[in-house]
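Remarks on the structure that follows.
Only heavy atoms go into these numbers, but all of them, side chains included; no hydrogens, no water, no symmetry mates. Bear in mind the structure is a predicted one, so any value in this text is a computation, not a measurement. Within every chain, numbering begins at 1; the chains are lettered A, B, ... in the order of the sequence lines, protein sequences first and strands thereafter.
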Amino acid sequence: MFKKFNPQGDIVSQVPIKSSVQRSIRNQILEQFPSVEPFIEDILPRKEKWILIKCHGHMNLISINYEQPIFFNLRTGPYFPSLRLLHAYPFLLPRLQVDKGAIRHILKGADIMCPGLTSAGARMDEELGSNRMVGIFAEGKEHALAVGVTKLSTEDVKNVNKGVAVENIHYLNDGLWKLSLGEQQS
Amino acid sequence: MASHSFSEERGTTCLTNQDQYPYNVIYCGNCSLPFEYCEYNGPEEFQRCLLWRRENYPELFSTYDESLLTDAFKNVSLADSLSKAVESNNNSSSKKKSPINPEVVIARAQRKGRKQVTIISGLDKTGVKLSEFSRVCKKQFSCGASVVTAPDMREVVEIQGPIFGTSRILVCNG
Ligand SMILES: [Zn+2]
């Protein structure tokens with residue numbers, strides 16, 4: 001989703017978020033990620049400046065104090081955590097582990113194919129349905145390398161073992177990872 | 001915390017940290033990724049990642065990392081290797097290009113909505129003064145023009161407005 005993201009052309013506007021809207025965003029995030037409750041004040045501090053960054057394609061990014069965005073969503077869809085946030089709070093998303101060989105491709109933006117999740121180095125410990133938001137981890141690595149949405153249930157991934165298993169939404173070194181808002185503050 | 005079921009395998013560091021969220025992940029100052037993904041950069045970039053790690057986190061720079069450093073990088077600092085890279089780039093480009101045909105790129109980029117700007121890069125290598133050039137542009141096109149630093153740290157001239165044809169003529173003549 002951020003493969004070709006270009007801050008100069010793709011950011012439409014950056015506006016402060018009203019406190020009433022902040023509250024509803026916070027509630028939606030708590031509803032989506034109940035486990036984050038003890039940390040919500042660290043992640044989305046009430047007193048700081050919340051910025052809504054609207055991008056082409058109805059993409060919204062949420063930043064605190066113009067720091068790197070921590071959540072993003074499409075239109076009014078569910079919020080995805082950014083990878084930096086997922087690194088800090090790895091329990092935010094259910095995890096799938098790909099084998100080592102898949103890392104290279106994922107870091108180029110490729111979707112996660114079934115065999116990458118069923119081979120020896122891979123792990124799918126949790127039963128998940130399709131259309132679930134997941135963190136993509138990798139064999140031998142501690143930190144997530146992508147955030148995605150399952151296209152097949154984990155059961156189908158095992159049975160079919162062909163084609164796209166998880167859509168790659170956001171990965172290390174993509175446009176969102178590299179985005180820095182500092183220079184556009186004015 | 002069913003979603004955290006891998007933790008026992010990832011060793012004690014993780015277990016002792018369990019109540020210490022947020023994790024303080026250390027990112028590579030050279031490539032911005034977590035250390036463990038540095039190796040997926042190009043080989044030369046990875047060497048610079050290792051140098052950065054050796055200089056900034058010696059305690060995390062293992063003997064294994066040391067063994068990955070090639071001879072060319074073993075005894076240099078990151079700054080040295082960077083300036084060397086720049087030098088060799090300059091050398092190759094000045095040898096190959098500048099006498100005959102330095103590469104100037106005129107590109108269009110989109111600003112808010114449908115506004116467009118013209119970005120001219122590569123001029124700095126031709127010996128044209130960028131500030132001088134932007135001043136001429138301002139007069140010629142009666143619009144804003146400025147020297148900005150592009151994301152890849154090269155200086156480019158940015159002209160407000162989609163004026164590719166005319167700016168090309170100016171570049172060719174100037
Ligand atoms: Zn690195």
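- Expressed to the nearest 0.5 Å, how far CG of Leu61(A) lies from CD of Gln14(A) amounts to 9.0 Å.
- Looking at Arg26(A) and Glu41(A), a side-chain N of the basic residue comes within less than 4.0 Å of a carboxylate O on the acidic one, giving a salt bridge.
- Both the backbone and the side chain of Leu172(A) come within contact range of chain B, with heavy atoms under 4.5 Å apart.
- For the pair Ser19(A) (side chain) and Gln22(A) (backbone), a donor-acceptor distance under 3.5 Å is absent.
- Using a cut-off of 4.0 Å between Lys/Arg side-chain N and Asp/Glu carboxylate O, Arg54(B) and Asp65(B) are scored as not salt-bridged.
- The pair Glu167(A)-Lys151(A) meets the salt-bridge criterion, since a charged nitrogen lies less than 4.0 angstrom from a carboxylate oxygen.
- Among the residues in residues 31-43 of chain B, those with a non-hydrogen atom closer than 4.5 angstrom to a non-hydrogen atom of chain A are Cys31(B), Ser32(B), Leu33(B), Pro34(B), Glu36(B), Tyr37(B), Glu39(B), Tyr40(B), Asn41(B).
- Remark: side-chain polar atoms of Glu127(A) are not paired, donor with acceptor, to backbone N or O of Glu155(A) under 3.5 angstrom.
- For a residue to count as touching a neighbouring chain, one of its non-hydrogen atoms must lie under 4.5 Å from one of that chain's; by this rule Leu145(A) touches chain B with backbone and side chain alike.
- How far CG of Leu152(A) is from CD1 of Ile112(A): 12.0 Å, rounded to the nearest 0.5 Å.
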